[in-house]
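See below for the structure under consideration.
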Amino acid sequence: MSTAEDDIRYMAQALRLARRGLDTTSPNPRVGCVLVRDGAVIAEGWHRRAGEPHAEVVALDMLGGSAHGATAYVSLEPCNHTGRTPPCSDALIKAGIVRVVCAAEDPNPRVAGAGLARLRAAGIEVTTGVLATQAVTLNAGFFSRMQRGRPTVICKLAMSLDGRTAMASGESKWITGEAARADVQRLRARSCAVVTGVGTVLADDPRLDVRDGARQPLRVVVDSHLRTPASARLLDPPGEVLLVAADGDTTALCQHAGAEVLRLQGADGKVDLRALLATLATRECNEVLLESGPTLVGAFAKADLIDEYRIYMAPVFLGSVARPLLELPFSRMAERMQLRITGMDAVGDDWRISAVPQH
């Protein structure tokens, strides 16, 4: 008979499997499954990408679809509806599973407890909440899209020890070293969209793509007056580009270069950032990476739209006239933004600081 310690151990294994889909499963959540019988793992699986079998089915297929008397450890509630694939709850019932241990309920309204209810109705013992925090964290963007109607936003920043991001002239290549830049590539690879501002496009002409990546994020430029030139490298393949304007001619040259143009004007005459995130959610974006200059980052921060900061700090000084990290013209201590540091790791010669806003 399984103990609580066994449940934690096997669920941790299911979560490790789920992490293998970090870069590939979107818009679906990352899910892993471990099948256990008589105290031994008999099969395991993880969801690779949308349209392919879910983790439970991958594991069951290893056994020819039959797992009589086994326990299934699944990092997210098995689905009970037909989407791109058939219901996983039915597959578990048909396979003879006698117990399902689930980390977290699926926040998708189409599931939302229905999968677990279906299993219980079939006489299967169900245990929930095992390593739930880790399961939700792994799929924070998916939970955010389902529960808040917007993706999570991770803000990537690179700075010097004195908190500067570029010289006064705009020169910024390169503040951090190769290891940090490779880490950012991995961050892009797991993101559904990368958002930048037109100022960054004009100053740095970035590509914002994933080198050697099978899946490219949607590249989004917040460009209130459609100033992105048709020659911008960001408009080159691979991947799709969305230019988000507040006003301007939507038949501008940039549109003819293959970019989609969307107008989302806010009350201040600028791009409505909340509407932008809501739009990205309708496009099934779970995680958004914000890679931009101090003006747009400051606007996201002031609107309380950043869920996590990923700051790469290089062991250099750029001086007092260099550009700041964020444009936040506070004048009183009471206006300060408080963060909670969740991690600090060496990445090559640089440091990577992970922090979340404290409300």
* Verify the distance criterion only: is there a donor paired with an acceptor across the side chains of Thr176 and Asp350 at less than 3.5 Å? => no

* **Ser160 side chain to Arg164 side chain, donor-acceptor N/O pair below 3.5 angstrom** => no

* Report yes if the side chains of Glu240 and Glu260 come closer than 4.5 Å at any heavy-atom pair, otherwise no. => no

* Asked: Should Ile97 and Glu56 count as side-chain neighbours, where that means a heavy-atom distance under 4.5 Å?
  -> no

* Asked: Under 4.0 Å between a Lys/Arg side-chain N and an Asp/Glu carboxylate O for Asp268 and Lys270?
  -> no

* **Rounded distance [0.5 Å steps], CG in Leu63 versus NE2 in His68** => 13.5 Å

* **Heavy-atom pair with the smallest gap, counting every atom of Met146 and Asn108** => SD-CA, 3.8 Å

* Criterion side-chain contact (heavy atoms from CB on, under 4.5 Å) on Val36 and Asp6, from CA distance to verdict -> CA-CA 10 Å; Val36 177; Asp6 291 331; over 6 Å; no

* May I ask whether Ile306 and Leu296 are part of the same hydrophobic cluster, defined by side-chain heavy atoms of I, L, V, M, F, W, Y residues being less than 4.5 angstrom apart, directly or through others? => yes

* Structure fact -> Nearest heavy-atom contact between Gly293 and Thr200 is N-OG1, 3.2 Å

* **Reported OG1-to-CZ distance for the pair Thr282 and Arg145, which is rounded to 0.5 angstrom** => 9.5 Å

* **Any donor-acceptor N/O pair, Arg20 side chain to Trp46 backbone, under 3.5 Å** => no

* Asked: Can you check whether Thr25 reaches Arg49 side chain to side chain, under 4.5 Å on heavy atoms?
  -> no

* Just by modelled atom types, is the Pro237 backbone N or O under 3.5 Å from a matching donor or acceptor in the Arg207 side chain? -> yes

* Decide whether Asn139 and Arg30 meet the rule of one side-chain donor and one side-chain acceptor closer than 3.5 Å. => no

* To do: State which residues pass salt bridge (charged side-chain N to carboxylate O under 4.0 Å, His left out) with Arg150; sequence neighbours excluded, sorted by chain then number.
  => Asp307

* **Same apolar cluster: Val297 and Leu276, side chain cutoff 4.5 Å** => yes

* Is the backbone N or O of Cys192 less than 3.5 Å from a side-chain atom of Asn286, with the two atoms forming a donor-acceptor pair by type? -> no

* **Mutual orientation of the aromatic rings belonging to Tyr10 and Tyr73 [parallel < 30°, tilted 30-60°, perpendicular > 60°]** => tilted

* Asked: Checking His47 side chain against Gly32 main chain: does a donor-acceptor pair fall under 3.5 Å?
  -> no

* To do: Could you walk me through whether Leu116 and Cys102 pass the side-chain contact (heavy atoms from CB on, under 4.5 Å) test, one step at a time?
  => CA-CA 9 Å; Leu116 298 179; Cys102 172; 4.2 Å; yes

* To do: Over all heavy atoms of both residues, which pair between Ala103 and Ala132 is shortest? Give the atoms and the distance, please.
  => O-CB, 3.2 Å

* Any chance you could measure Asp223, atom CG, to Thr196, atom OG1, to the nearest 0.5 Å? => 10.5 Å

* To do: Please check if atom CD in Gln185 has more than 12 non-hydrogen atoms from other residues, nucleotides or ligands closer than 6.0 Å.
  => yes

* Asked: Would a 4.5 Å heavy-atom cut-off, applied to side chains only, mark Leu60 and Leu92 as touching?
  -> yes

* Donor-acceptor under 3.5 Å (Thr342 side chain, Ser354 main chain) -> yes

* Asked: Closest approach of Arg37 and Ala67, non-hydrogen atoms and distance?
  -> NH1-C, 3.7 Å

* Structure fact -> Rounded to the nearest 0.5 Å, the CD atom of Glu291 sits from the CZ atom of Arg188 at a distance of 4.0 Å

* Salt-bridge criterion met for Asp236 and Arg233 (N-O under 4.0 Å) -> no

* Would you sort out whether Glu125 and Thr71 count as a side-chain contact (heavy atoms from CB on, under 4.5 Å), showing the intermediate values? => CA-CA 9 Å; Glu125 179 187 352; Thr71 294; over 6 Å; no

* Side-chain touch Trp351/Pro315, heavy atoms, less than 4.5 angstrom -> no

* Asked: Can you tell if the side chain of Val57 reaches within under 4.5 Å of the side chain of Cys88, non-hydrogen atoms only?
  -> yes

* Would you say the side chain of Arg186 lies within less than 4.5 Å of the side chain of Asp183, judging by non-hydrogen atoms? -> yes

* Asked: To the nearest 0.5 Å, how far apart are SG in Cys285 and CG in Leu277?
  -> 9.5 Å

* Are Val34 and Val98 grouped together when hydrophobic residues (ILVMFWY) are joined by side-chain heavy atoms under 4.5 angstrom apart? -> no

* To do: Decide, yes or no, whether a salt bridge links Arg99 with Asp7 under the criterion of side-chain N to carboxylate O below 4.0 Å.
  => yes

* Taking all non-hydrogen atoms of both residues into account, name the closest pair between Pro78 and Ser89 and its distance. => CB-N, 4.1 Å

* Verify side-chain contact (heavy atoms from CB on, under 4.5 Å) between Ile93 and Arg118, making sure each step is shown before the conclusion. => CA-CA 9 Å; Ile93 294 168; Arg118 175 79 178 91; 3.6 Å; yes

* Structure fact -> Note: Leu76 and Pro29 closest approach over all heavy atoms is CD2-CG, 3.5 Å

* Could you tell me whether the side chain of Pro217 reaches within less than 4.5 Å of the side chain of Val210, counting heavy atoms only? => yes

* Point-to-point distance, once rounded to the nearest 0.5 Å, from CD1 of Ile175 to CE of Met313 -> 12.5 Å

* Asked: With no hydrogens and no angle check, is any side-chain donor or acceptor of Glu77 less than 3.5 Å from a backbone partner on Asp106?
  -> yes

* **Linked, directly or transitively: Leu15 and Phe143 (ILVMFWY side chains, under 4.5 Å)** => no

* Asked: Would you find a donor on one side and an acceptor on the other, under 3.5 Å apart, between the side chain of Gln338 and the backbone of Gln358?
  -> no

* Taking Gln134 for the side chain and Ala12 for the main chain, is one N or O donor matched with an acceptor at less than 3.5 Å? -> no

* When clusters are formed by joining ILVMFWY residues with side-chain heavy atoms under 4.5 Å apart, either directly or through shared neighbours, do Val74 and Val58 land in the same one? -> no

